[in-house]
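Worksheet: one structure, shown below.
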Number of protein chains: 2
Amino acid sequence: MQSDELARPTLADVAARAGVSASTASLAFSGSGPVSDATKERVLAAAADLGYAGPDPRARSLRRGRSGIVGVVLEERIRDAFLDPVNIQMLDGITEGIAPLGAGLLLLTDTGEAGGNAVGIESAPVDAVVLIGCSPRLGHSVEALRRRGIPAVAIEGAAGEDIPEISIDNREATRRGAEYLRELGHTDVALVTLPFDADRTRGELTPELIAGSTADTASERLAGARLVFPDAGGRVAATSSIEEGREAGLTLLADSATRPTAIIAQSDLLAAGVINAAEELGIAVPAELSVLGFDGIRVDGLQHDLTTLAQPSVSKGRAAGEAVVQLLAGRPGESVCFTSTLHVGDTTAVPHHR
Amino acid sequence: MQSDELARPTLADVAARAGVSASTASLAFSGSGPVSDATKERVLAAAADLGYAGPDPRARSLRRGRSGIVGVVLEERIRDAFLDPVNIQMLDGITEGIAPLGAGLLLLTDTGEAGGNAVGIESAPVDAVVLIGCSPRLGHSVEALRRRGIPAVAIEGAAGEDIPEISIDNREATRRGAEYLRELGHTDVALVTLPFDADRTRGELTPELIAGSTADTASERLAGARLVFPDAGGRVAATSSIEEGREAGLTLLADSATRPTAIIAQSDLLAAGVINAAEELGIAVPAELSVLGFDGIRVDGLQHDLTTLAQPSVSKGRAAGEAVVQLLAGRPGESVCFTSTLHVGDTTAVPHHR
DNA sequence: ACCCCCGATCGAATCGATTCGGCCTAGAAT
DNA sequence: ATTCTAGGCCGAATCGATTCGATCGGGGGT
C-alpha cells in the first residue's frame with residue numbers, strides 16, 4: 001500500500017517480475033507483435049501482482065505521437081455554449097464521428113491566451129481540434145494550430161485555407177422559409193436574430209449592427225430572409241434562449257396596430273420565446289401570428305409543432321468527427337455543406353385578416 | 001513550408017539556432033530559473049524563426065508527471081447529461097474550481113470498458129477526475145483510478161473510502177419543502193421523481209422500483225418527502241425534462257376527483273412540466289395546485305417563479321474543483337455537503353377548497 | 001590586487017513506453 | 001542429417017522536454 005504510494009510500478013518492473021524484457025512486456029500489453037500466449041499470460045499475471053494499471057498514457061502518447069484526445073473549441077463559456085441543444089447535439093455527433101478513434105473530448109474555450117502554464121488551445125495535448133462556431137477572432141488560435149501541425153475542422157465558421165468546413169445552407173434555407181411565409185400571404189414580417197457580435201448586443205436590428213457582424217450564421221440567415229423580405233426589421237437577441245425570444249417577441253408584438261403577421265426567428269429557442277410572448281399577449285399562433293424557427297430541435301416544454309428549418313445538427317457533428325478521422329489518417333478532410341429542410345408544423349398559417 | 005511538414009522543430013533545434021543548450025532554451029520557455037533577458041530573447045527569436053510552437057505537451061507531461069487535464073466522468077451520454085442545466089452549471093463550477101490549475105476538462109463517459117486503445121477512464125492522461133452522479137456501477141472504474149493513483153472527487157454519489165464527496169442535503173431539503181407544503185395545509189400530495197435505475201424506467205412509483213434503486217439522489221429526495229407525507233405516491237420520470245414532467249403531471253392530474261392539491265417534483269424541469277400539464281388541463285397554479293421543484297435553476301421559458309429547493313449547483317462544481325486542487329497539492333480533499341434553501345415563489349399556496 | 005560568491009549556462013540523466021533490427025532456437029523441408 | 005524459415009524474445013535507440021548538479025565567469029567585498 002505504502003510502496004504503491006512511493007513508487008507506482010512501471011512496465012519495466014512488470015517485465016522484471018515476469019522475467020522478460022521491457023519490450024516483450026510492451027508487446028504483451030499493446031497486443032501488436034508476436035508474443036506467445038504463455039509469456040503474455042505471465043506478464044499479465046505479474047502486472048496484476050504488482051497492481052500495475054497499464055501503460056502510462058503520457059509516455060505512450062509521447063512515443064506514439066498521438067494522445068488520443070480531440071479538442072473541441074467553443075467560443076463561449078461552457079455555460080453559454082450548452083444552453084442551446086443544437087450545440088449539445090453537435091457535440092454528440094462529434095462523439096459519434098470520432099468513435100473509431102476511441103478518442104476523448106477535451107473542452108477548450110477560446111478565452112484569449114490561457115494564463116501561465118494553462119492548457120489552452122496553444123498547448124493542449126490534442127491530436128486534432130474541432131472549432132465550433134468560431135469567428136475570425138479565432139485567427140491567432142488557428143495560426144497556433146497550424147504551427148503546431150494540429151489538424152482542425154470548423155463547424156459553422158470560416159477558419160481558413162486547409163481547414164475543412166462543416167456548414168449548412170443558412171442563407172438559402174432561411175430564404176426558403178421566408179418564401180414559404182410569403183406564399184402563405186405574409187408581407188409584414190419581422191425578424192428575431194442571433195447576436196451579431198462577440199459582445200452579444202441586444203436591441204433593434206440596425207444597419208450598424210449588421211455591418212459590424214462577426215457572426216456568419218446570423219448574417220447569412222438574415223441575408224436569406226431579406227432576399228424575400230428586403231425591408232424586414234426586427235430585434236437582435238443576446239443569446240439563443242427562450243427568454244430572449246420572449247423579450248424580443250414582446251417588443252415586436254406590443255403595438256397591435258403595427259405588429260407583423262409573421263416572425264422569423266433565427267433559432268427554435270427564440271421562436272419558442274416568441275410564441276410564449278404571443279400567448280401572453282393573447283395573440284393566437286398561428287391564427288394571428290405565424291412563427292418560423294430554425295434548427296429543428298424539440299424544444300423541451302413547447303406545446304407546438306414548430307414550423308422550422310430543420311438542420312441536421314447531429315450529422316454536422318458527425319461529419320466534423322469523420323473529417324477529423326480522415327485528417328488524422330493523412331487524407332484530406334472533406335468540407336460538407338448540409339441542407340436544411342423546411343418542416344411545416346402548426347405555427348404558421350395564412351395571415352390573419354385584420 | 002514542406003520542411004515544416006517533414007519535421008516540426010523541437011526545443012533542441014531552437015536551442016541550436018539560438019546558440020544555447022537545450023536546457024537553457026527550456027528555461028527560457030518555462031520561465032522558471034535564471035536566464036538573462038538577452039538569452040531569453042534570442043531563444044524566443046529563434047523559435048519564431050523556426051515556427052516553433054512551444055514545448056510539446058506530451059513530452060512535457062511525461063517529464064513533469066502532470067498532464068494538466070482533469071477528467072469529468074458522466075454516467076450518461078453527453079446528450080442526456082447536458083439536458084439538465086444543473087449539470088451544466090456544475091461543469092461551470094468545476095471549471096471555476098480548477099481554474100488555478102489552468103487545466104482542461106476531458107469528457108469521459110463511463111460506458112463500460114472502452115474498446116481497443118480507446119481513451120477510457122482506465123487510460124486517460126488525466127491528473128484527477130471528477131465523478132458526477134455516479135452509481136455503484138462505477139465500482140470497477142474507481143478501482144482502476146485507485147490503482148493508477150489518480151485522485152478523484154465524487155459529486156452526488158458515494159464512490160468509496162478516500163474519495164471526497166460533494167453533495168447536498170437531498171433528504172433534509174426535501175423534507176423542509178414538504179413540511180412547508182403541509183404547513184400551507186396540504187395533505188394530499190403526489191410526487192414526480194427522477195429515475196431510480198440505470199434503465200430509466202418510467203411509470204408509477206412502486207415499492208419495487210424504490211427497492212431496486214441505484215440512484216441516491218432520487219431515493220434520498222423521496223425519503224425526505226415521505227418523512228412528511230409517508231403515503232405519498234406518484235410517478236417516476238425517465239429523465240429530468242419538462243416533457244417528462246408534463247407527462248407525469250397529466251397522469252397525476254387526469255382525474256379531477258382524486259387529484260392531489262400539491263405535487264413535489266424532484267427537479268425544476270419536472271416541476272415546469274407539471275405546471276404546463278396543469279395549465280393544459282385548466283388547473284390554476286398555485287390556486288388549485290401547488291408545485292414544488294428542486295434545483296433552483298431558472299427554467300428557460302417558464303413564466304413562473306417556481307417554489308423550489310435551491311441547491312448551489314455552481315458551488316458544488318466549484319467545491320469539487322477545489323477539492324481536486326487540494327488533492328493534487330497532496331492535501332486531503334474535503335468532503336462538503338451543501339445546504340439547499342427553500343425558495344418560495346409563486347407556485348405554491350394554501351390548498352384550494354374543493 | 002585577490003578571493004569569494006552568485007547568477008547564467010551547460011551536460012547528462014530521466015520520465016515510461018514503443019519499436020526496429022537482430023539473434024536464437026525449434027520445427028519444417030529436402 | 002543439414003539447411004532454411006519463422007516465430008519469439010531481447011537490446012538499444014528514440015520520443016521531446018525538464019531538472020539537478022556542475023561549471024564558468026565576472027562583479028563586489030576587503
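So that the names make sense, note that chain A is the first sequence line, chain B the second, and so on, each numbered from 1.
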field: salt_bridge(A/Glu122, A/Arg147) N-O dist < 4.0 Å
entry: no
Testing C/dG7, D/dG11, C/dG11 for proximity to the side chain of A/Ser21, the answer is D/dG11
So, is A/Ser30 close to the C/dA17 phosphate, meaning a side-chain N or O under 4.0 Å from OP1 or OP2?
no
Whole-Å distance, A/Arg66 CZ to C/dT19 P, equals 12 Å
message = If you compare every side-chain N and O of A/Ser61 against the phosphate oxygens of D/dC15 (OP1, OP2), does one of them come in below 4.0 Å?
response = no
Rounded to whole Å, the CZ-C1' distance (A/Arg8 to C/dG16) equals 14 Å
Quick one: does any side-chain atom of B/Thr95 pair with a main-chain N or O of B/Leu91 as donor and acceptor, under 3.5 Å?
yes
note: B/Arg58, atom CZ; D/dA17, atom P; distance rounded to Å ~ 10 Å
**Asked** Is there a donor N/O on one and an acceptor N/O on the other, under 3.5 Å, for the side chain of B/Ser23 and the base of C/dG11?
**Response** yes
To the nearest angstrom, the CD-C1' distance between B/Glu41 and C/dA8 comes to 16 Å
Rounded to whole Å, the CZ-P distance (A/Arg64 to C/dG16) equals 18 Å
Rounded to whole Å, CG of A/Asp37 lies from P of D/dG7 at a distance of 14 Å
Side-chain N or O of B/Thr24 less than 4.0 angstrom from OP1 or OP2 on C/dT9? no
Open item on the list: Using OP1 and OP2 only, check whether a side-chain N or O of A/Ser26 sits under 4.0 Å from C/dT18.
Closed with: yes
The nucleotide from C/dC10, D/dT18, C/dT9 with an atom nearest the side chain of B/Pro55 is D/dT18
Check the phosphate of D/dA17 against B/Tyr52, side-chain N and O only, distance under 4.0 Å to OP1 or OP2. Yes or no?
yes
(message) It should be established whether A/Arg63 places a side-chain nitrogen or oxygen under 4.0 Å from OP1 or OP2 of nucleotide D/dT14.
(response) no
- Does the B/Thr24 side chain pair with the main chain of B/Val20, one donor and one acceptor, at a distance under 3.5 Å? no
Taking 4.0 Å as the cut-off, does a side-chain nitrogen or oxygen of A/Thr39 come that near to OP1 or OP2 on D/dC9? yes
Whole-Å distance, A/Leu27 CG to C/dC20 P, equals 10 Å
Of the candidates C/dG16, D/dT19, D/dC10, the side chain of B/Leu62 sits closest to C/dG16
Next on the checklist: Strictly distance-based, threshold 3.5 Å: is any side-chain N or O of B/Arg42 a donor or acceptor partner for the main-chain N or O of B/Ala18?
Outcome noted: yes
Sorted by position of nearest nucleotide on DNA chain C, 5' first, the leading residue of B/Val35 and B/Ala59 is B/Val35
Item checked: Side-chain (A/Arg66) to main-chain (A/Leu328) donor-acceptor, under 3.5 angstrom -> yes
To the nearest angstrom, the CG-P distance between A/Leu11 and C/dT19 comes to 12 Å
